[in-house]
Structure formats: C-alpha cells, structure tokens
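Reviewing the structure listed below.
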Amino acid sequence: MKKFMALLLALVMVFALSTVAFADDTYTLDVIIAQYGPNTQEWFLGKGMDGSNFVEKFEAANPGIKLNLEVISWNDLKTVADTRIASGQAPDILNLDTFADYANEGLLMPVSEYCPEDLFADFFPSFIDQSVIDGVCYAVPDLASARALFYNTAMFEEVGIEVPTTWAELEDASQAIIDFYNGEVYPWGVDMTTDEGQACFAYYAWGNNGGFVDENGEWAVNSAANVEAVNFITGMVADGFTNPNPATQTRYDLQDMFAAGKLAMIIAPNQLPTYVADKGGEVELATADIPANEGCTSSSVGVMDRIMVFKDEAEADQEARNAAVAAFLKFFYDPENYVGWVSMEGFLPAVDSAVGALVESDPSFEAWLGVLNNAKFYSTAKDGWDTVKQGVIAAEQAVLNGADAQAELDALQATLVK
C-alpha cells in the first residue's frame, strides 16, 4: 500500500506539473545560462538547432511560457548573479557551478518542489549527491567534464621519453623536453588564474593524498600534504618547467599553446581534442592519468555545473511557476535537445538517457564516463566553498611571488574555523 501511494503521489505531481494553465498564456521565466564556449550563444539564441535555437523551439513546444534567457560569460556570471540577487531581481533559473551559499541563505527552492520524478531519476546519483545539504537537494547537474593528462605523442617519441606517472618522473620528463627543444617548448601547463586556480590546487593536493577537506569532511586546506603540493607545483614554475606566467595565463591560453605545438603536456577537460581541432591544430595527442606523488593515488578531477531555481515569494501563482520550470527542465534534458548541446561543446552528460546516443556518435565518450565515475569533485556543497576557492588561488599566487605556503594556507584555514 505504501509503495502504491508513493507511486500515486509521483504520478499526481507529474500530471500537475504538465497541466497547469498559465495566466494570460504568457508566463515568463528569467533564465541565466553560462557561456561555455563560442557555440553557447548560438545554440540558445542564434540559429544553432536545425536552423532554429533553443528558445524558439521551447516556446513553440510550450505555448504560454516565454523565456527571457541571457547567456553570460563565466568571467562575469557570479558578479552579475549576485548583483541581481542583492537588488531583489534574482533570476528564476540560474546555471552556475556553486550553489551552497545561496542554499544556506535560504534563497533556493528544493529540487523536489519543481523537478518531475522521472527526470530526477534520470540524473546520475553521484552528480545529484554533490548538490545535497542536510538531506535536501537544491540543484540539478547541467553537464560535467573530467580532467586528464593530454600529451603530444610526437614530441614524446622524438625526445624518447615515457609518459610520467609520478612527480619525480614529471620533473625528469620536463627537463628532457627543455634540453631537447632548447627551451622552445614548455613541458608542463599550469593555470593558477582566478579562472582555474582551484583546479590547479586540486590536481596536486589530491595527487598527494591531500585535498580541501579531511576524512571527516571538515576544511583542512593547510594540511601538510597540501603545503607540499603547493610547494611542488610552484617549484616546477621556478625551475622553468612550465608556461612562464601561471597567474595570468588561463587554461585557454594553455590549450592554444598545446594546439600550436608549444606545450608538451597539459591537464585539460575531455573536450580538448575538439578545441584543438577548432583551432586548426594538427597535434597528435593521447591521454593518461594525472601524475601523483610517489606512493599516492592519481585522481581525476570531476567538474560539474548546476541548474538551480530561486525562490520568488512575490509570485502569486507558485504552482504555475513550478510547472513552467518543470517544462523548461524536461525540454532541456530531452535527449533530442540535450545530446546536441552536450556533444556540441564536448562535455559529458548528466542524465543516463543521453549516454547511448552520445556513445553511438562518439565511442570515446564511454571511456570518459569511466574516468568521471572515479573522479573527485570540489567541495561545493559545503558552506564556505567560495571562500576556499578564492583563497587557494590567492595562496598559490602568493607563493609564486615568494610567500610561505604554510603561512598562506594557515591564514586561509583560520578564516574557515570559527
């Protein structure tokens, strides 16, 4: 009987979310989408989907719902969102990586209030787990990527070296590349900018059995393993084994160098081959595990962005609003739309229903799904993540300029433990 009642309630919710009448047939959703690459704007607002765009197709399929949709650069996205929230103009739907601070401030709606049960069950559970606080899910995954080591196979054959698996081997390989190419090729790519500096910290901290939190899930940014990790990678920079300006050269700069044959190794997301091809690069490349310290385990870094819905206490018809949000989500994640979106920018899917089509069109997706299953994620569900993210970047950059790694991470840790 309990199972029957649960099923009945689920069916009632799905039916209700699909049959609400919209006042005056013009319910409008304000939506902010992150700009993932050169194709994002075109796909959502241009002529990217069989001559039409996502907004046009959605509104044609959902009469009575209008989308006021904006695509905003990652560089400006958080600032724009926070400014609008502070002025009482929060969007209905926001696509962003972080969510915990919004949830802890009581600004977000629980996913259970607007996401149809069948769609929720389609998301990979490991992805959903990253958006749960105190047993409540506050966001759904938009898409994902995983990071791995890419290397120029022709260079490795020419130099006569093997792919490094440890930090010591990485240093030896870097020296061999420097010697062979007389400094004209950078061996190793490093991005410590505000764009990806937190990923840099993760690569080496996790590769030294450290990380953002301890075994109890408490912040531990100043652990001995993390200090050693920061000293290692800043030491690589000091030794001339990397690109010259890690604090200002973003991963896109590094990817450009790799595509041009000026960089031998780079840690990058799974869409790097697409990026290189779009740049006209003719690099022979292959992937491998990210090198770890001797005796430590290599970990891939999983990166997942989210779609979240803000509360609107002033909305008189919450049922209509929830139904409009549900319609948006169902249309976006429909494989007919979602597969094109994910594959266009070379990302990994967040829903199981898209896997078959993606693997069929590109068999390499299957291997990357295995990498993603073993990936570690940022501690974005933990209160204070934004402080940690910016703090580890500032610490790395300070150490680049001669500061003490232990002192920098101790200072950051002190802001987190009150």
Is it true that a side-chain atom of N53 and a backbone atom of E56 form a donor plus acceptor pair closer than 3.5 Å?
yes
Do the side chain of D253 and the main chain of T250 share a donor and acceptor less than 3.5 angstrom apart?
yes
Calculate, to the nearest 0.5 Å, the distance between atoms CG and CH2 belonging to D195 and W74 respectively.
10.0 Å
Would you say V303 and S145 make side-chain contact, with heavy atoms under 4.5 Å?
yes
N337 side chain to Y333 backbone, donor-acceptor under 3.5 Å:
no
Among side-chain atoms of N226 and Y204, is any donor-acceptor pair under 3.5 angstrom?
no
Evaluate the side-chain proximity of L263 to L254: yes if any heavy-atom separation is below 4.5 Å, no if none is.
yes
Minimal non-hydrogen separation, G261 against V185, with atom names:
O-CG2, 4.0 Å
Taking the side chain as every heavy atom from C-beta outward, state whether K47 and S52 have any pair of such atoms under 4.5 Å apart.
no
So, Q406 side chain and V227 main chain: donor-acceptor pair closer than 3.5 Å or not?
no
Look up atom CE in M265 and atom CZ in F150, then write down how far apart they are to the nearest 0.5 Å.
14.5 Å
When you compare the side chain of Y138 with that of V111, does any pair of heavy atoms fall below 4.5 Å?
no
Looking only at non-hydrogen atoms, find the nearest pair between I65 and A324 and report the distance.
CD1-CA, 3.9 Å
Please check if atom CD in E315 has more than 12 non-hydrogen atoms from other residues, nucleotides or ligands closer than 6.0 Å.
yes
All heavy atoms of T98 vs all of M308, minimum pair found to be O-CE, 3.4 Å
Counting N and O atoms only, with roles assigned by atom type, does the side chain of N95 sit under 3.5 Å from a partner on the main chain of R306, one being a donor and the other an acceptor?
yes
D214 side-chain N/O to N216 backbone N/O, donor-acceptor pair under 3.5 Å:
yes
Between V417 and W219, does the side chain to side chain contact (heavy atoms under 4.5 Å, CB included) criterion hold? Intermediate values first, please.
CA-CA 8 Å; V417 181; W219 293 121; 5.6 Å; no
Please report the C-alpha distance between Y275 and D256 in whole Å, then the side-chain angles of each, then the deciding distance to 0.1 Å, and finally whether the side-chain hydrogen bond (donor to acceptor under 3.5 Å, both in side chains) criterion is met.
CA-CA 9 Å; Y275 186 94; D256 288 345; 2.7 Å; yes
Is it true that atom NZ of K262 has more than 12 heavy atoms of other residues, nucleotides or ligands lying nearer than 6.0 Å?
no
Nearest 0.5 Å, please: how far is OG1 in T274 from NZ in K279?
13.5 Å
Residues N68 and T28: side-chain donor-acceptor under 3.5 angstrom:
no
For the pair S300 (side chain) and R147 (backbone), establish whether a donor and an acceptor sit closer than 3.5 Å, ignoring hydrogens and angles.
yes
Is it the case that Y114 and Q318 place a side-chain donor and acceptor less than 3.5 Å from each other?
no
Donor-acceptor under 3.5 Å (E196 side chain, T193 main chain)
no
For the rings on Y338 and F331, is their centre-to-centre separation under 6.0 Å?
no
Mark yes or no for whether T166, through its side chain, and E169, through its backbone, hold a donor-acceptor pair below 3.5 Å.
yes
Looking at A247, is its backbone amide N or carbonyl O close enough to the side chain of N245 to form a donor-acceptor pair, meaning the two atoms are under 3.5 Å apart?
no
Quick check on the 6.0 Å ring-centre criterion: do W167 and F232 meet it?
yes
Assess whether a salt bridge exists between D30 and R84, defined as any Lys/Arg side-chain N lying under 4.0 Å from an Asp/Glu carboxylate O.
no
Would you sort out whether Y151 and E284 count as a side-chain hydrogen bond (donor to acceptor under 3.5 Å, both in side chains), showing the intermediate values?
CA-CA 8 Å; Y151 62 99; E284 299 175 23; over 6 Å; no
Please report the closest heavy-atom contact between A146 and L348, naming both atoms and the distance.
N-CD1, 4.1 Å
With rounding to the nearest 0.5 Å, note down the distance linking CG in L96 to NZ in K78.
6.5 Å
May I ask you to test the V339-L358 pair for a side-chain heavy-atom distance under 4.5 Å?
yes
Go through it in stages, so that I can follow the logic: the residues are D92 and R321, the test is side chain to side chain contact (heavy atoms under 4.5 Å, CB included), and I'd like the CA-CA distance, side-chain angles, deciding distance and then a yes or no.
CA-CA 9 Å; D92 294 297; R321 182 174 187 262; 2.9 Å; yes
List the atom of Y186, the atom of T242, and the distance in Å for their closest heavy-atom pair.
CD2-O, 3.7 Å
Heavy-atom pair with the smallest gap, counting every atom of T234 and E396
CG2-O, 4.1 Å
Between F347 and Y36, is the gap from one ring center to the other below 6.0 Å?
yes
Any side-chain heavy atom of K330 sitting closer than 4.5 Å to one from D118?
yes
Quick one: ring pair (Phe, Tyr, Trp, His ring centres under 6.0 Å) pairs with a partner in residues 287-314, sequence neighbours left out?
Y102-F310
Calculate, to the nearest 0.5 Å, the distance between atoms CD and CG belonging to Q198 and D386 respectively.
10.5 Å
Report yes if the side chains of I290 and W206 come closer than 4.5 Å at any heavy-atom pair, otherwise no.
no
Calculate, to the nearest 0.5 Å, the distance between atoms CZ and CD1 belonging to F328 and I307 respectively.
5.5 Å
Does the ring centre of F212 sit less than 6.0 Å away from the ring centre of F201?
yes
I'd like to check L409 versus V230 (side-chain heavy atoms, cut-off strictly below 4.5 Å). Are they in contact?
yes
Among V221, T415, D101, the one residue meeting side chain to side chain contact (heavy atoms under 4.5 Å, CB included) with T387:
T415
Go through M304 and S131 one step at a time and tell me if the side chain to side chain contact (heavy atoms under 4.5 Å, CB included) criterion holds.
CA-CA 10 Å; M304 184 190 75; S131 300; 4.0 Å; yes
F58 vs F54 aromatic rings, parallel, tilted or perpendicular, using cut-offs 30° and 60°?
parallel
